[in-house]
Amino acid sequence: MTGETIKIGVIAGEVSGDLLGGDLVAALRVAYPGGIELVGVGGEALERQGLISLFDFSELSIMGISQVLKRLPSLLRRIRQTADALIAARPDVLLIIDSPDFTHRVARRVRKALPDLPVVNYVCPSVWAWKEERAPRMRAYVDHVLALLPFEPAVMERLGGPKTTYVGHRLIGDPDIQRVRALRLSRADRDAGERLCLLLPGSRSTEINRLLPIFGETVKELSARHPGMRFLLPTVSRQETLVRRLTADWAVKPEITVSSEDKWRAFAEADAAIAASGTVILELALARVPVASTYRFDWLANLFLRRIKVWTAAIPNLIVDYGVVPEYLNEQVRPGTLTRWFERHSSDTAQRRAMLEGYDLVHDAMQTDRPPGETGAAVILDLLAKKKPGRN
């Protein structure tokens with residue numbers, strides 16, 4: 001179909017997925033000589049590539065079982081709306097990006113109506129963590145998976161899932177992470193008498209409400225043991241009011257910032273970090289910032305913990321297959337524990353050196369020959385080349 005216009009159905013449910021989709025479509029525009037038309041759901045990155053989203057995709061940015069149940073009627077309505085629009089548009093290929101609770105339900109509906117439509121799933125669902133049975137079920141409505149993590153193709157093959165290609169993670173090529181990493185590699189050790197602690201309680205209000213009070217007790221204990229210590233707390237603008245309210249009564253105030261520049265400056269300056277579990281743990285590992293990962297589940301999520309098969313939630317640990325990043329969950333998130341962890345990892349100790357050596361293994365394992373978007377674009381073009389004329 002060289003020179004023809006490709007119509008791509010695309011669904012991204014969160015900012016991270018929207019960025020991945022934008023990069024992939026941009027790479028497609030370079031690799032494909034014809035036009036590209038987009039239809040579906042996404043945010044600013046995909047809109048810059050020409051998408052007119054069916055609705056504001058921020059509606060899909062939810063986390064936790066209790067939140068999903070609370071908004072289930074709205075989600076079901078959006079699933080039907082999106083599937084119907086895609087079926088009517090009859091795209092040449094469907095690209096679903098992360099957010100499996102939404103995107104996979106749409107894909108199943110669309111595949112039922114358009115059985116010959118190629119479907120590409122960008123971001124492998126965490127079948128390695130729980131509900132392994134999802135992998136073989138995906139074969140009914142997904143033709144190819146684009147994985148962000150190097151161990152995922154082997155996991156999908158073992159579980160009988162769709163063909164999976166490791167395309168790499170966009171964080172590997174992130175210029176801010178590369179700059180901070182280079183700076184930390186070249187920087188002389190900080191004066192032993194000065195300590196900077198980076199606090200990252202998450203970007204969602206539920207995470208912040210559960211973790212920040214405990215972080216506050218940790219700040220109190222660290223300050224008592226190390227007078228004059230500084231605390232850096234970069235957050236996102238939409239959570240600034242909440243963060244300032246929760247820290248208003250702290251005797252030692254953290255330096256709260258909201259800009260991207262301030263975030264990466266904090267990454268560069270901090271001796272070590274205490275953070276909410278999530279993508280930021282991988283960011284910190286790639287930037288070579290020692291970190292303790294923390295998380296407190298809501299009551300409903302706790303009921304499902306026994307179904308989680310994976311031995312760790314920290315992505316760096318999964319990549320190198322050992323516990324390079326320590327994790328503290330639920331009642332384990334204690335001020336005294338975090339205080340002593342920080343003390344051992346904020347100066348030149350054997351523990352800190354071992355963690356940084358592990359970070360370098362993570363960095364090396366994630367390298368690829370080309371950017372993720374270019375590899376993903378090649379997979380899509382290959383699927384379209386194999387597509388028979390007149391399908392859909």
Side-chain angles (χ1 to χ4, degrees), residues 16-17 19-28 30-31 45 95 97-98 120-129 144-158 161-187 260 263-264 267-268 273 275 277-291 293 310-325 352-382:
S16 58
L19 292 171
L20 291 173
D23 288 348
L24 191 152
V25 174
L28 267 173
V30 173
L95 175 65
I97 311 172
D98 208 0
V120 176
N121 180 190
Y122 198 172
V123 183
C124 182
S126 52
V127 294
W128 34 264
H144 206 114
V145 176
L146 306 178
L148 305 188
L149 303 173
F151 60 85
E152 290 176 323
V155 170
M156 290 295 279
E157 183 177 11
R158 174 176 61 83
K163 183 177 180 180
T164 302
T165 299
Y166 172 55
V167 300
H169 202 294
R170 72 189 312 269
L171 291 181
I172 281 292
D174 187 288
D176 291 309
I177 289 179
Q178 291 178 331
R179 178 177 53 81
V180 172
R181 176 182 174 81
L183 186 65
R184 296 184 69 89
L185 280 167
S186 64
R187 188 186 70 181
S260 176
K263 170 189 171 179
W264 295 115
F267 271 49
S277 178
T279 303
V280 73
I281 303 298
L282 183 57
E283 289 183 346
L284 291 160
L286 293 175
R288 299 184 95 248
V289 184
V291 61
S293 176
V310 74
W311 63 275
T312 177
I315 296 301
N317 295 351
L318 291 168
I319 292 172
V320 297
D321 198 30
Y322 79 93
V324 62
V325 174
R352 179 185 175 94
R353 291 192 295 271
M355 176 172 276
L356 295 179
E357 288 174 4
Y359 283 178
D360 292 339
L361 294 176
V362 172
H363 180 269
D364 292 346
M366 294 183 70
Q367 298 302 308
T368 57
D369 294 332
R370 54 182 175 175
E374 290 184 14
T375 306
V379 168
I380 287 178
L381 290 175
D382 183 62

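For the numbers below, each heavy atom of this structure counts, side chains included, while hydrogens, waters and symmetry mates do not. Starting from 1, each residue takes its place in the sequence as its number.
Enclosure of atom CD in Gln178 by more than 12 non-hydrogen atoms of other residues, nucleotides or ligands within 6.0 angstrom is indicated.
Annotation: salt bridge (Lys or Arg N to Asp or Glu O under 4.0 Å) contacts involving residues 359-380, sequence neighbours excluded, comprise Arg181-Asp360, Arg288-Asp360. Residue pairs satisfying the salt bridge (Lys or Arg N to Asp or Glu O under 4.0 Å) criterion with at least one member in residues 169-180, sequence neighbours excluded, are listed as follows: Asp23-Arg170, Asp176-Arg179.
With Gln367 contributing its side chain and His363 its backbone, the two residues share a donor-acceptor pair below 3.5 Å.
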### Message
Under the criterion side-chain contact (heavy atoms from CB on, under 4.5 Å), I'd like the reasoning laid out for Thr375 against Thr165: C-alpha separation, chi angles, the key distance, then a yes or no.
### Response
CA-CA 9 Å; Thr375 306; Thr165 299; 4.2 Å; yes
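Looking at residues two or more places apart in sequence or on another chain, you find no ring-ring contact (aromatic ring centres under 6.0 Å, His included) involving Tyr166. For Thr164, there are no side-chain hydrogen bond (donor to acceptor under 3.5 Å, both in side chains) partners at least two apart in sequence or on another chain. With sequence neighbours left out, Pro290 forms a side chain to side chain contact (heavy atoms under 4.5 Å, CB included) with Arg184, Ala272, Trp341, His345, Arg352, Met355, Leu356. Taking the side chain to side chain contact (heavy atoms under 4.5 Å, CB included) definition, one finds that Glu357 meets it with nothing, sequence neighbours left out. Under the side-chain hydrogen bond (donor to acceptor under 3.5 Å, both in side chains) criterion, His169 pairs with no residue at all, not counting sequence neighbours. In this view, Phe267 and Trp264 satisfy the ring-ring contact (aromatic ring centres under 6.0 Å, His included) rule, not counting sequence neighbours. Here Ala377 pairs with Ala27, Leu28 under the side chain to side chain contact (heavy atoms under 4.5 Å, CB included) rule; sequence neighbours left out. Under the rule for a side-chain hydrogen bond (donor to acceptor under 3.5 Å, both in side chains), Ser16 has no partner lying at least two apart in sequence or in another chain. Asn317 is linked by a side-chain hydrogen bond (donor to acceptor under 3.5 Å, both in side chains) to Thr312, counting only residues two or more places apart in sequence or in another chain.
For the atom pair Leu19 CG and Asp98 CG, the distance stands at 11.5 Å (nearest 0.5 Å). Separating the OH atom in Tyr122 from the CD1 atom in Ile380 is a distance of 9.0 Å, to the nearest 0.5 Å. Separating the CD1 atom in Ile319 from the CG atom in Leu361 is a distance of 11.0 Å, to the nearest 0.5 Å.
When side chains are defined from C-beta on, Leu95 does not count as touching Asn121, because their heavy atoms never get closer than 4.5 Å. Counting heavy atoms from C-beta outward, Pro316 and Leu282 have side chains that approach closer than 4.5 Å. Using a 4.5 Å heavy-atom threshold, the side chains of Pro162 and Met156 count as touching. Looking at Val325 and Ile315, their side chains never come closer than 4.5 Å, going by heavy atoms from C-beta outward. Here the side chains of Ile172 and Leu286 are in contact, with some heavy-atom distance below 4.5 Å.
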Table please: side-chain donor-acceptor pairs of residues 145-152 below 3.5 Å, with sequence neighbours left out.
{"residue": "Glu152", "atom": "OE1", "partner": "Leu148", "partner atom": "N", "Å": "3.3"}
{"residue": "Glu152", "atom": "OE1", "partner": "Leu149", "partner atom": "N", "Å": "3.2"}
{"residue": "Glu152", "atom": "OE2", "partner": "Trp128", "partner atom": "NE1", "Å": "3.0"}

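Considering all non-hydrogen atoms of both residues, Ser186 and Leu183 come closest at OG-O, 3.1 Å. Val291 approaches Ala275 most closely through the heavy-atom pair CG2-CB, 3.8 Å.
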